[in-house]
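Here is the structure we will look at.
From a predicted model like this one, the values you see are computed outputs, not experimental measurements. Just the heavy atoms: all of them, side chains too, but no hydrogens, waters or symmetry mates, feed the values below.
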Amino acid sequence: MNIIIIEDEEFAARRLERMINEIDPDIQIVAKLESVVESVEWFKNHDVPDLIFMDIHLEDNLSFAIFDSISISCPIVFTTATDELSTRAFKLKQIDYLLKPIVQNELYKMIVKYRDFPASERRILDAALFADIVRKP
């Protein structure tokens, strides 16, 4: 499984990477990206990973701005410190999230879920979907 971490806090990115490696050392972290600009450039020049862990608040903008420039066709797990009311919108749209600080057991369940998720049933995530999420409370 190839994973990308999009997180502007270096400590949080390293911690998440360490936790993922403890769960399964065969998982490849193919990139750790810190900004919207860096993420857009990376996706324009690389294959889409199997799974993305993405913080919502990045150093240069909200991560939703990434989808103004590109479409992503893999599952995304938002890592966020927001409260349950905010994250409920993600769950209703069938997009998952992990609340920070991330707990090892919850991360494990998330990785198992996506590892076992049939490719034929993966929802295509695109700019329109994220624009819809951002606009609706």
Side-chain angles (χ1 to χ4, degrees):
M1 178 185 303
N2 292 327
I3 291 178
I4 291 177
I5 297 172
I6 302 176
E7 169 66 66
D8 63 339
E9 295 177 27
E10 184 179 341
F11 174 78
R14 280 196 325 259
R15 182 174 181 269
L16 179 56
E17 180 177 27
R18 180 184 48 78
M19 292 171 73
I20 291 169
N21 287 330
E22 287 174 3
I23 290 169
D24 185 347
D26 292 330
I27 292 175
Q28 298 293 312
I29 307 297
V30 295
K32 289 192 293 184
L33 310 168
E34 297 181 0
S35 69
V36 169
V37 171
E38 182 182 22
S39 298
V40 168
E41 285 305 310
W42 192 92
F43 282 108
K44 286 181 179 179
N45 297 301
H46 295 86
D47 292 333
V48 176
D50 298 308
L51 181 62
I52 299 170
F53 286 91
M54 181 184 294
D55 188 15
I56 292 175
H57 295 278
L58 299 175
E59 65 184 30
D60 58 348
N61 204 340
L62 294 178
S63 59
F64 298 118
I66 294 169
F67 306 102
D68 292 338
S69 300
I70 59 166
S71 293
I72 301 216
S73 59
C74 71
I76 298 171
V77 177
F78 286 99
T79 57
T80 179
T82 60
D83 65 8
E84 182 65 26
L85 294 175
S86 298
T87 55
R88 191 174 300 161
F90 299 124
K91 194 169 189 174
L92 292 174
K93 292 287 186 177
Q94 299 178 358
I95 300 169
D96 281 307
Y97 63 92
L98 291 172
L99 289 175
K100 290 180 181 178
I102 296 172
V103 177
Q104 183 85 10
N105 188 42
E106 292 174 4
L107 177 62
Y108 173 79
K109 289 177 186 177
M110 190 68 63
I111 290 173
V112 168
K113 174 183 177 176
Y114 283 107
R115 183 181 291 135
D116 296 339
F117 201 65
S120 62
E121 295 180 21
R122 287 193 181 138
R123 183 179 181 142
I124 302 298
L125 304 174
D126 62 18
L129 172 64
F130 285 96
D132 188 46
I133 291 169
V134 172
R135 287 188 194 107
K136 292 183 180 176

Here the gap from Leu51 atom CG to Ile3 atom CD1, rounded to the nearest 0.5 Å, amounts to 5.0 Å
Rounded distance [0.5 Å steps], CE in Met54 versus CZ in Phe67 = 4.0 Å
Do Ile27 and Val112 share a hydrophobic cluster, counting only Ile, Leu, Val, Met, Phe, Trp and Tyr and linking them when any side-chain heavy atoms are less than 4.5 Å apart?
-> yes
Heavy-atom distance under 4.5 Å between the side chains of Val30 and Trp42, does that happen here?
-> yes
Expected output: side-chain Glu9 to main-chain Phe11 donor-acceptor under 3.5 Å = no
Inter- and intrachain pairs under salt bridge (charged side-chain N to carboxylate O under 4.0 Å, His left out), touching residues 102-111, at least two apart = none
Salt bridge (charged side-chain N to carboxylate O under 4.0 Å, His left out): pairs with one or both residues in residues 34-46, sequence neighbours excluded | none
State, yes or no, whether a side-chain contact exists between Ile6 and Ile66 at a heavy-atom distance under 4.5 Å.
-> yes
Quick one: CD1 on Ile4 to CD on Gln28, what's the gap to the nearest 0.5 Å?
-> 12.5 Å
Partner of Ser63 under side chain to side chain contact (heavy atoms under 4.5 Å, CB included), picked from Asp55, Ile76, Leu58, is Leu58
Are Val48 and Val77 connected in a single hydrophobic cluster, I mean Ile/Leu/Val/Met/Phe/Trp/Tyr linked by side-chain heavy atoms less than 4.5 Å apart?
-> no
About how many Å separate CZ of Phe43 and OG of Ser71, when rounded to the nearest 0.5 Å?
-> 11.5 Å
Is the side chain of Asp60 donor-acceptor paired with the backbone N or O of Ser35 at a distance under 3.5 Å, no angle test?
-> no
Asn2 side-chain N/O to Asp50 backbone N/O, donor-acceptor pair under 3.5 Å | no
In this structure, CG of Leu107 is separated from CG of Leu16 (nearest 0.5 Å) by 6.0 Å
Please test Ile23 against Gln104 for side chain to side chain contact (heavy atoms under 4.5 Å, CB included), starting from the C-alpha separation and ending with a verdict.
-> CA-CA 8 Å; Ile23 290 169; Gln104 183 85 10; 3.2 Å; yes
Check against side chain to side chain contact (heavy atoms under 4.5 Å, CB included), Ile5 and Ile20 = CA-CA 11 Å; Ile5 297 172; Ile20 291 169; 4.3 Å; yes
Test item: Ile72 and Cys74 side chains (from C-beta on) under 4.5 Å apart, heavy atoms | yes
Given side chains that start at C-beta, do those of Leu62 and His57 come closer than 4.5 Å, heavy atoms only?
-> yes
Do Val103 and Met19 share a hydrophobic cluster, counting only Ile, Leu, Val, Met, Phe, Trp and Tyr and linking them when any side-chain heavy atoms are less than 4.5 Å apart?
-> no
Just wondering, more than 12 heavy atoms not from Asn45 lying within 6.0 Å of its CG?
-> yes
What residue pairs, at least two apart or across chains, pass salt bridge (charged side-chain N to carboxylate O under 4.0 Å, His left out) with a residue in residues 14-25?
-> Glu10-Arg14, Glu17-Lys32, Arg18-Glu22, Asp24-Arg115
Hey, does Phe53 have a side-chain heavy atom less than 4.5 Å from the side chain of Ile102?
-> no
